[in-house]
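Along the sequence shown, residues are numbered consecutively beginning with 1.
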Amino acid sequence: MSNVGTLSVRVFTSQAELPVEGATVVVTQKEETGRQELLSLQVTDSSGLVEPISIPTPAPGAHPPFSLCSVWAERAGFAMLQVEGVQIFPGVETIQDMRLIPLDAGESSLQQRDVRDIPAQDL
């Protein structure tokens with residue numbers, strides 16, 4: 001098993017899960033110094049997808065057995081969504097769904113944003 005996991009991001013809107021094309025997707029990871037390292041900056045395609053991102057993970061037997069990263073997605077007309085604590089396991093594809101909520105006329109994604117924190121799994 002390799003010390004790399006894969007993150008796939010899907011951006012959509014509404015209960016019907018309609019893909020959002022042209023959304024900016026940013027993936028970062030906190031370094032030991034506390035700085036955020038940019039791992040990926042992409043724009044979604046017509047299916048609301050970005051290219052999968054390879055992310056370094058801990059060696060087998062490490063605790064915790066996963067790496068953490070942050071993902072945010074934004075597109076004009078929608079509230080920005082930020083997800084903290086996305087867990088990436090070695091040799092596994094993690095799929096992060098990002099449901100964007102449409103904004104009312106005149107609202108900015110900087111005024112309306114949703115931040116979600118995923119608690120670490122007790123493994």
Practice item. Mind jotting down which residue pairs meet the salt bridge (Lys or Arg N to Asp or Glu O under 4.0 Å) criterion with at least one end in residues 43-59? Sequence neighbours excluded, please. Key: none
Exercise for review: Check whether any side-chain heavy atom of Met98 sits under 4.5 Å from a side-chain heavy atom of Val25, and report yes or no.
Suggested key: no
Check your understanding: If you look at every heavy atom in Leu103 and Ala79, which pair is closest and at what distance?
Key -> CG-N, 3.5 Å
Check your understanding: Side-chain heavy atoms under 4.5 angstrom apart, residues restricted to Ile, Leu, Val, Met, Phe, Trp, Tyr: same cluster for Val50 and Val83?
Key -> yes
Review point. Does one hydrophobic cluster hold both Leu38 and Met80, with members joined at side-chain heavy-atom distances below 4.5 Å?
Key: yes
Practice item. Treat each ILVMFWY residue as a node, draw an edge where side-chain heavy atoms are under 4.5 Å apart, and state whether Phe12 and Leu7 are in one component. Key: no
Check your understanding: If you look at every heavy atom in Ser8 and Glu93, which pair is closest and at what distance?
Key -> OG-OE2, 2.5 Å
**Study point:** Distance, nearest 0.5 Å, that separates CG of Leu81 from CH2 of Trp72
**Key:** 11.0 Å
Check your understanding: Is a donor on one side and an acceptor on the other found under 3.5 Å between the side chain of Thr44 and the backbone of Gly22?
Key -> yes
Review point. Leu68 versus Lys30: any side-chain heavy-atom pair under 4.5 Å?
Key: no
Check your understanding: Got a donor-acceptor contact below 3.5 angstrom from the Thr94 side chain to the Gln87 backbone?
Key -> yes
Practice item. Calculate, to the nearest 0.5 Å, the distance between atoms CD and CD belonging to Glu32 and Glu37 respectively. Key: 11.5 Å
Point to revise | Nearest heavy atoms of Pro90 and Pro65, plus distance in Å | key: CD-O, 3.3 Å
Exercise for review: Might you point out which heavy atoms bring Arg10 and Asp97 nearest each other, and give the distance in Å?
Suggested key: NE-OD1, 3.0 Å
Study note, to complete from the structure: Output for pair (Leu49 CG, Gln42 CD), nearest 0.5 Å, gives 10.5 Å
**Study point:** Shortest non-hydrogen separation from Asn3 to Ala59 and the atoms involved
**Key:** OD1-CA, 3.6 Å
Study note, to complete from the structure: In this structure, CD of Gln96 is separated from CD1 of Ile88 (nearest 0.5 Å) by 8.5 Å
Review point. Where do Pro58 and Ser67 come nearest, in terms of heavy atoms and distance?
Key: CD-OG, 3.5 Å
Check your understanding: Got more than 12 heavy atoms from elsewhere within 6.0 Å of CD, Gln15?
Key -> no
Review point. How far does OG1 of Thr6 sit from CD1 of Ile55, to the nearest 0.5 angstrom?
Key: 8.0 Å
Review point. With no hydrogens and no angle check, is any side-chain donor or acceptor of Ser40 less than 3.5 Å from a backbone partner on Val27?
Key: no
Exercise for review: Could you list the residues that satisfy side-chain contact (heavy atoms from CB on, under 4.5 Å) with Thr13, not counting sequence neighbours?
Suggested key: Leu18, Val20, Phe78, Pro102
Exercise for review: Please round to the nearest 0.5 Å and tell me the distance separating atom CD of Gln82 and atom CD of Glu84.
Suggested key: 4.5 Å
